[in-house]
Amino acid sequence: MATIRVRDWTKEQIEKIRDTESHSSHDSVIKSLLKDRKLAKYADDDTAPVPESPSEARMTDPDTTFEDLTVLGELSGADNGVLFLWCPSCGNELAHLTADNPLGLSVFEIECQRCLTHLDRHAIVAIEIGYPIEQKLVEDCLQDDLRECVVDYWDRTLDSATVGALDDDLDPAHLVWQFDQYLRKFSWEWPATVPVVGFATGETYRNSATGEYLEVIEPVSENRNAMDSFKIRRYAGDPETHDGDTEILDSTTVVDHIVNRRLLLEGRTDSASLPESSEPTT
């Protein structure tokens, strides 16, 4: 399913549309663009069936990678009012709910009874009845789908923060810290093609905007609820062929690089590891 990426629109263009059409926020503009794009698709295809009503269709605002598989934070409704909540870390079913549409869960937290991970709406996957759970369990690929669903959501959420299109109750700096904490707890291998959502000792990142490489040596602060500052070694090019300069990268700059989707994971040294950290809280 095609996806409209926020990065395809500059902040100025979104603000122009907001002012012209009297939208209340950047997020309202994005949702309107998504809706217009879907309507245009049906209008251009004479053979396409008439789209279902919101109460009959899958009631998520954005286009996502998987049908009937959505991170709870962006789910606005559920087919037949039934949701199954799953932990993306260990693949355990957390709970099943019956809910009225539209769904309103701005605050939702639960602890996985298998892996004891404390999860909120940014790390809980909602599975609707149309998703073939039994088949995925037999094929042993359910947990892969859960992980890819969350990775896609985190990437798109920070992508939205780039142009200020997040909901008012979401702080980009806190989201970066929270996603970083989840990533450490889950011990996932981050996809090399997706800009990172965290910053960890022992990793080397390539800045896609400048071509520089950042080798993370160690944290130099101990923030409890925010990203740390780090001692790094900066290379103008490939670390194997360029000399590096050691410096301190402050936490604000770390967050800025991540929110602006600049850093790609280059590789991990043999000694690299993700340190244990406190569970994320909201």
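Computed from a predicted model, the values in this text were never measured in an experiment.
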To the nearest 0.5 Å, what is the distance between CD (Gln181) and OG1 (Thr117)? 12.5 Å
Close side-chain approach of Arg233 and Asp245, heavy atoms under 4.5 Å: no
Separation between CG (Leu75) and CD1 (Ile124), nearest 0.5 Å, reads 11.5 Å
If hydrophobic clusters are built by linking Ile, Leu, Val, Met, Phe, Trp and Tyr wherever their side-chain heavy atoms come under 4.5 Å apart, do Ile258 and Val220 end up in the same one? no
Mind checking the CG-CD spacing from Asp120 to Glu111? Nearest 0.5 Å is all I need. 13.5 Å
Within the 4.5 Å heavy-atom criterion, are His96 and Leu83 side-chain neighbours or not? no
Looking at CD of Glu189 and CG of Leu265, how far apart are the two atoms once the value is rounded to the nearest 0.5 Å? 8.0 Å
Of the non-hydrogen atoms in Leu249 and Val254, which two are nearest, and what is the gap between them? CD2-CG2, 3.8 Å
Please check if Leu97 and Leu119 belong to a single hydrophobic cluster, counting links between Ile, Leu, Val, Met, Phe, Trp and Tyr side chain heavy atoms closer than 4.5 Å. yes
Do Lys136 and Asp145 sit within salt-bridge range, that is, some charged N less than 4.0 Å from a carboxylate O? yes
Flag if over 12 foreign heavy atoms under 6.0 Å of CD, Glu240: no
Here the pair of heavy atoms bringing Pro88 nearest to Ala123 is CD-O, 3.0 Å
Donor-acceptor contact present, side-chain Gln143 to main-chain Ser89, <3.5 Å: yes
Classify the angle between the aromatic ring planes of Phe186 and Trp154 as parallel (below 30°), tilted (30 to 60°) or perpendicular (above 60°). parallel
Answer whether the closest heavy-atom distance between the side chains of Arg261 and Asp155 falls below 4.5 Å. yes
Output for pair (Asp159 CG, Asp152 CG), nearest 0.5 Å, gives 10.0 Å
Say you draw a straight line from CG of Asn225 to CD of Gln178; how long is it, rounded to the nearest 0.5 Å? 10.5 Å
Polar side-chain atom of Ser221 near backbone of Ser229 as donor-acceptor pair, under 3.5 Å: yes
Under 4.5 Å between side-chain heavy atoms, counting indirect links through other Ile/Leu/Val/Met/Phe/Trp/Tyr residues: same cluster for Trp188 and Val176 or not? yes
What heavy-atom pair brings Tyr205 and Ala200 nearest, and what distance separates the two atoms? OH-N, 3.0 Å
Might you work through the side-chain contact (heavy atoms from CB on, under 4.5 Å) test for Cys115 and Cys87, ending with a clear yes or no? CA-CA 9 Å; Cys115 65; Cys87 172; 3.7 Å; yes
Tyr182, Leu170: one ILVMFWY side-chain cluster at the under-4.5 Å cut-off? yes
Looking only at heavy atoms, the pair that brings Arg121 and Val71 closest together is O-CG1, 3.3 Å
Within-4.5 Å side-chain heavy-atom neighbours: Glu74 and Arg156: yes
Show your working on salt bridge (Lys or Arg N to Asp or Glu O under 4.0 Å) between Arg234 and Glu247 and close with a plain yes or no. CA-CA 7 Å; Arg234 185 189 300 271; Glu247 62 183 81; 2.9 Å; yes
Verify side chain to side chain donor-acceptor pair (under 3.5 Å) between Tyr235 and Glu212, making sure each step is shown before the conclusion. CA-CA 6 Å; Tyr235 299 88; Glu212 296 178 318; over 6 Å; no
Determine whether the side chains of His122 and Tyr153 contain a donor N or O and an acceptor N or O closer than 3.5 Å. yes
4.5 Å side-chain heavy-atom contact, Val197 and Leu183: yes
Derivation and outcome, side-chain contact (heavy atoms from CB on, under 4.5 Å), residues Leu214 and Leu263: CA-CA 9 Å; Leu214 309 178; Leu263 301 182; 4.2 Å; yes
Stepwise side-chain contact (heavy atoms from CB on, under 4.5 Å) test for His257 and Asn207: CA-CA 8 Å; His257 282 327; Asn207 188 325; 3.7 Å; yes
Are the side chains of Pro172 and Val255 in contact, using a 4.5 Å heavy-atom criterion? no
Between Asn260 and Thr162: side-chain donor-acceptor atoms closer than 3.5 Å: no
Against Trp86, only a single residue in Ile133, Leu94, Leu69 fulfils side-chain contact (heavy atoms from CB on, under 4.5 Å); can you say which? Ile133
For the residue pair Asp256 and Arg262, what are the closest heavy atoms and their distance? OD2-NH1, 2.7 Å
Side chains of Cys112 and Asn92 in contact at under 4.5 Å (non-hydrogen atoms): yes
Can you find a heavy atom in the side chain of Val125 that is under 4.5 Å from one in the side chain of Leu85? no
For Thr253 and Asp250, test the side chains for any donor-to-acceptor distance below 3.5 angstrom and give the result as yes or no. yes
Evaluate Phe199 against Phe230 for ring-ring contact (aromatic ring centres under 6.0 Å, His included), listing each step before the verdict. CA-CA 9 Å; Phe199 204 76; Phe230 287 85; 5.1 Å; yes
For Ile110 and Ala95 the tightest heavy-atom approach is CD1-CB, 4.5 Å
Under 3.5 Å, is there a donor-acceptor pair between the side chain of Trp190 and the main chain of Val194? yes
Co-membership, hydrophobic cluster, residues Leu146 and Ile129, 4.5 Å side-chain: yes
